[in-house]
Number of protein chains: 2
Amino acid sequence: MGWEDVRAEVLRRIRARDWLPGAMIPNEEALAQEFGVARATVNRALRDLAESGLLERRRKAGTRVAALPVRRATLEIPVIRQEVEARGQVHAFRLLDERMALPPVPVAGQLGWASGAAKLYLETLHLADGKPYAHETRWLDPVHLPDPRPDFASISVNEWLVTHVAFATGDIAFAAEAADPRSAEVLGVPQGAALFVTERTTFTAESAITFVRLIHAPGYRMVTMV
Amino acid sequence: MGWEDVRAEVLRRIRARDWLPGAMIPNEEALAQEFGVARATVNRALRDLAESGLLERRRKAGTRVAALPVRRATLEIPVIRQEVEARGQVHAFRLLDERMALPPVPVAGQLGWASGAAKLYLETLHLADGKPYAHETRWLDPVHLPDPRPDFASISVNEWLVTHVAFATGDIAFAAEAADPRSAEVLGVPQGAALFVTERTTFTAESAITFVRLIHAPGYRMVTMV
DNA sequence: CGGATCATTATGTATAGACATAATAACGTC
DNA sequence: GACGTTATTATGTCTATACATAATGATCCG
């Protein structure tokens with residue numbers, strides 16, 4: 001009887017509605033006795049279910065089945081190359097543009113960059129089996145780059161960053177947007193087509209490193225299991 | 001020195017590039033000695049970092065910093081009412097349609113429903129502060145409903161399901177789609193507008209319960225931290 | 001040399017016992 | 001009855017120890 005067995009049994013009781021949404025369940029001590037395991041084992045199982053949003057736990061108050069479960073799904077956010085290769089396709093990319101320029105005010109603002117400071121702008125087209133897969137536009141603070149700059153035509157910016165710049169925190173946003181003229185041209189779709197967009201901001205402890213927009217080709221779906 | 005402190009210190013070393021991507025880190029025993037804690041405490045910390053994709057662990061092979069980290073972000077998928085209320089707005093909904101009908105072949109196929117069997121079709125408009133927030137279309141197997149059916153005009157289908165039907169597994173997909181005539185009319189946007197769509201399929205152990213499409217009003221963004 | 005076998009090793013998990021912590025419930029006082 | 005204090009309780013975490021398990025590397029044998 002391992003902690004996964006305990007979790008499975010608890011999950012079964014929730015699904016079978018032995019324990020109803022909003023109802024308290026027995027405390028760890030009692031469950032440990034019932035299953036004949038140590039309390040730590042029950043704790044591990046219940047903690048896991050709480051992390052995925054099925055249980056709500058509070059000290060002293062006890063454990064209850066979530067009434068309106070906020071399901072937590074984990075999204076895997078791979079490097080594009082891995083994503084394409086996982087589909088059994090060949091990944092390639094073309095660096096379309098690379099120049100120093102003034103970032104738009106909203107971008108500079110969100111990243112805490114002083115307005116009027118030029119940053120590196122990079123534009124890349126990712127291909128899967130030779131067909132457009134995603135249009136990447138990126139603002140990057142060149143402070144984090146060595147001199148001379150890496151050759152981003154041969155190694156993708158993202159992969160260079162993850163292997164050469166300190167791991168970082170950040171946030172990710174997903175949205176639907178109409179294709180602007182540039183993305184439409186690059187991806188070979190009509191202007192105004194509905195495209196899935198991923199925006200990612202990455203920070204080190206002190207300052208913003210980079211802001212990327214990934215505009216995916218039509219038909220892109222992000223899938224997860226619950 | 002708790003496990004969160006251990007995690008913080010390990011994370012610091014990864015970010016500071018003391019431990020490079022792809023490199024091995026000391027084993028649990030050694031770290032436990034260094035930090036003056038039990039091995040279980042180190043284990044908890046390293047396991048947590050491995051779950052979020054920053055470390056790769058294999059028995060006997062040891063622990064290494066992920067070379068190309070597949071970042072795992074957790075998405076919270078709340079009930080719409082909670083989502084709207086969390087934004088400080090008032091949630092309301094209108095049941096637009098409720099009837100028995102034949103589900104389209106792709107829907108029936110994905111859910112494993114026999115073709116030719118009529119199911120319940122429900123169409124709902126969710127409002128935030130009186131403005132269109134999301135257009136919900138749903139196919140539901142009436143097997144899971146009591147007779148007579150609940151009054152879905154007064155309690156939203158989703159909330160009725162989570163509180164009255166056994167918890168279930170399922171999958172969720174996100175995509176960008178152009179507004180079809182019906183969604184455009186209901187949400188008050190031009191046809192072809194880029195809309196964010198969430199599709200969710202829910203199963204019990206045996207059979208499919210429901211398939212929902214949530215078509216969000218323009219401007220909808222799904223955000224997560226890493 | 002190739003391949004099967006076995007010892008070694010790092011992580012994975014279980015255990016009993018202990019103390020910490022947060023939150024509730026009970027109590028006493030005014 | 002309202003309010004502040006204290007006791008109680010369930011979860012949270014840590015420790016030391018033990019054994020399980022998977023993967024590697026070394027060894028032995030044909």
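The sequence lines fix the lettering, A, B, ..., with proteins before strands; numbering per chain opens at 1.
- Taking a cutoff of 4.0 Å between a charged side-chain nitrogen and a carboxylate oxygen, B:Glu199 and A:Arg221 qualify as a salt bridge.
- There is no side-chain donor-acceptor pair under 3.5 Å between B:His91 and B:Glu83.
- To the nearest angstrom, P of C:dA16 lies 10 Å from CD of A:Glu29.
- Rounded to an integer number of Å, the gap from CZ of B:Arg47 to C1' of C:dT11 is 11 Å.
- For A:Leu55 and D:dT11, the CG to P distance is 11 Å, given to the nearest whole Å.
- Ion pairing between B:Glu136 and B:Arg213 fails under the 4.0 Å rule for side-chain N and carboxylate O.
- Rounded to whole Å, the distance from CE on A:Met24 to P on C:dA23 is 14 Å.
- Salt-bridge annotation for A:Glu34 and A:Arg39: absent, with no side-chain N of the basic residue lying under 4.0 Å from a carboxylate O of the acidic one.
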Using the 3.5 Å cut-off, write out each protein N or O paired with an N or O of nucleotides 14-17 of chain D and the distance between them.
unit_1: D:dC14; atom_1: OP1; unit_2: B:Trp3; atom_2: N; d: 2.4
unit_1: D:dT15; atom_1: OP2; unit_2: B:Ala38; atom_2: N; d: 2.8
unit_1: D:dT15; atom_1: OP2; unit_2: B:Thr41; atom_2: OG1; d: 2.6

List, with names and distances, any nitrogen or oxygen atoms from the protein found under 3.5 Å away from nitrogen or oxygen atoms belonging to nucleotides 8-10 of chain C.
unit_1: C:dT9; atom_1: O4'; unit_2: B:Lys60; atom_2: NZ; d: 3.4
unit_1: C:dA10; atom_1: O4'; unit_2: B:Lys60; atom_2: O; d: 3.4
unit_1: C:dA10; atom_1: N3; unit_2: B:Lys60; atom_2: N; d: 3.4

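- Distance A:Phe35 CZ to C:dA14 P: 13 Å, rounded to the nearest Å.
- In the model, A:Thr63 has a side-chain atom that pairs as donor or acceptor with a side-chain atom of A:Arg57 under 3.5 Å.
- OP1 or OP2 of D:dG12 lies within a sub-4.0 Å distance of a side-chain N or O belonging to A:Asn43.
- Remark: aromatic rings of B:Phe196 and A:Phe196 are close, center separation under 6.0 Å.
- The separation between A:Glu56 atom CD and C:dA23 atom C1' is 16 Å, rounded to whole Å.
- One finds no salt bridge joining A:Glu4 and A:Arg44 here, because no Lys/Arg side-chain nitrogen approaches an Asp/Glu carboxylate oxygen to under 4.0 Å.
- The shortest side-chain heavy-atom distance between A:Arg81 and A:Ser156 does not fall under the 4.5 Å cut-off.
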